[in-house]
There are 2 protein chains.
Amino acid sequence: MAPARTSPDLSFLLDHTSHVLRTRMTAALAEIGLTTRMHCVLVHALEEERTQIQLAELGDMDKTTMVVTVDALEKAGLAERRPSSTDRRARIIAVTAEGASLAHRSQQIVDQVHEDALASLPADEREVLLRALGRLVTGHLETPAEAPRAARRARQAS
Amino acid sequence: MAPARTSPDLSFLLDHTSHVLRTRMTAALAEIGLTTRMHCVLVHALEEERTQIQLAELGDMDKTTMVVTVDALEKAGLAERRPSSTDRRARIIAVTAEGASLAHRSQQIVDQVHEDALASLPADEREVLLRALGRLVTGHLETPAEAPRAARRARQAS
DNA sequence: TATTGTTATACTCTATAACTATA
DNA sequence: TATAGTTATAGAGTATAACAATA
């Protein structure tokens with residue numbers, strides 16, 4: 001969508017670049033059978049022992065979305081749910097050997113997709129682009145505006 | 001979602017900035033009763049006589065999405081469907097006086113939201129940011145990667 | 001036969017609600 | 001009472017299919 005065309009259209013530029021980059025990333029990771037989320041969970045779960053909730057927060061996902069993602073990782077043999085030794089409600093996500101190996105490859109793919117995009121820019125622009133975006137992310141564009149969320153009916157009895 | 005954290009994470013930077021900017025834009029336009037799409041259609045329809053299909057292409061929307069958007073504009077008294085004089089299948093989207101006035105205000109709002117974001121950057125970074133994003137949009141990140149589209153069942157008879 | 005606009009609806013995605021087990 | 005994880009499903013958003021009118 002191209003909202004307008006008057007002033008330098010920052011919305012269009014950011015929407016388009018992020019959308020296209022995301023399709024590239026999705027396609028590249030799909031070649032090794034991963035979604036972006038699976039990659040994200042694998043990488044964070046490898047760093048240290050983490051529960052589903054912790055991984056959900058790191059990846060900015062809902063806990064119910066995390067259930068689906070971990071289901072997919074387990075089904076693919078890339079990770080396992082293990083009981084936490086300290087909290088019997090919680091599950092530690094343990095990455096399998098195969099999962100660790102794939103996470104290594106997927107991180108290379110992610111880096112490569114980013115590099116490919118950045119390599120198309122002059123070195124000085126590349127540097128400033130990252131700095132400026134970083135400034136926005138930690139500054140003026142840090143926090144989303146409130147979106148009015150619709151209330152929801154109770155669930156139907158089954 | 002924060003896909004990774006190794007190299008400078010262009011995906012995260014672009015996703016986050018575009019997402020937050022979009023929530024700002026949505027909230028700002030909602031104050032005058034418009035969605036981003038309604039604004040987009042109004043502005044393009046004001047430029048010259050255009051059919052729904054033409055407006056859909058300009059805004060990168062599906063024609064069925066355009067139907068809904070034009071319905072909303074008509075309901076709000078901001079635009080009307082008029083028969084094309086040259087093609088009896090087509091409808092020209094005519095902006096009403098009220099619609100034109102609101103489009104003027106909405107364009108100011110859009111510009112202001114962009115300005116607010118850009119004003120938080122040093123002037124030199126601002127300029128390079130726009131140039132670099134523009135380069136990506138017309139260059140390496142011009143075209144989305146193909147997404148495998150799921151086939152769909154035929155419609156149920158009603 | 002192809003295209004414009006329309007309606008109906010299938011599908012995806014995501015999050016809410018409700019529940020179980022445990023803290 | 002509150003939290004981790006799960007299941008079921010509501011709801012938004014969007015696109016496909018089919019169709020009528022016209023080219």
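Order of the sequence lines sets the chain letters (A, B, ...), proteins ahead of strands, with each chain counted from 1.
Residues passing the side chain to side chain contact (heavy atoms under 4.5 Å, CB included) test with A:Ile32, sequence neighbours excluded: A:Leu34, A:Leu102, A:Arg105, A:Ser106, A:Ile109.
B:Ile93 has its side chain out of reach of B:Arg50: every pair of non-hydrogen atoms, C-beta onward, lies at least 4.5 Å apart.
Distance from the side chain of A:Arg81 is smallest to D:dT6 among D:dT6, C:dT14, D:dA15. Distances from the side chain of A:Arg155 to the nucleotides C:dA15, C:dT6, D:dT9 place D:dT9 closest. For B:Val67, taking side-chain heavy atoms from C-beta onward, the closest of the listed nucleotides C:dT16, D:dA10, C:dT6 is C:dT6. When the nucleotides C:dG5, D:dA15, D:dT6 are ranked by their closest atom to the side chain of A:Gln52, D:dT6 comes out on top.
Judged purely by atom type and a 3.5 angstrom limit, A:His39 has no side-chain atom pairing as donor or acceptor with the backbone of A:Leu29. When atom types are taken as modelled, the side chain of A:Glu74 and the backbone of A:Arg81 share a donor-acceptor pair closer than 3.5 angstrom. Although no hydrogens or angles enter the test, the distance criterion places no donor-acceptor pair under 3.5 Å between the side chain of B:Thr65 and the main chain of B:Met61. For the pair A:Thr96 (side chain) and A:Gly77 (backbone), a donor-acceptor distance under 3.5 Å is present.
Taking every heavy atom of residues 83-90 of chain B and every atom of DNA chain C, pairs under 4.0 Å involve B:Arg89, B:Ala90, by number.
Put simply, A:Arg37 has a side-chain N or O that comes within less than 4.0 Å of OP1 or OP2 on C:dT14. Of the side-chain N and O atoms in B:Gln54, none sit less than 4.0 angstrom from OP1 or OP2 of C:dT4. Distances shown here put a side-chain N or O of B:Arg91 below 4.0 Å from the OP1 or OP2 atom of C:dT6.
Distance A:Ile53 CD1 to D:dA2 P: 16 Å, rounded to the nearest Å.
Remark on DNA chain C: of its neighbouring residues A:Ala154 and A:Thr65, the 5'-side contact belongs to A:Thr65, judged by nearest-heavy-atom nucleotide.
Side-chain to base pairing of A:Thr51 with D:dA4: no donor and acceptor N or O lie closer than 3.5 Å to each other.
Using a 4.0 Å heavy-atom cutoff across all strands shown, A:Arg152 reaches at least one base atom of the nucleic acid.
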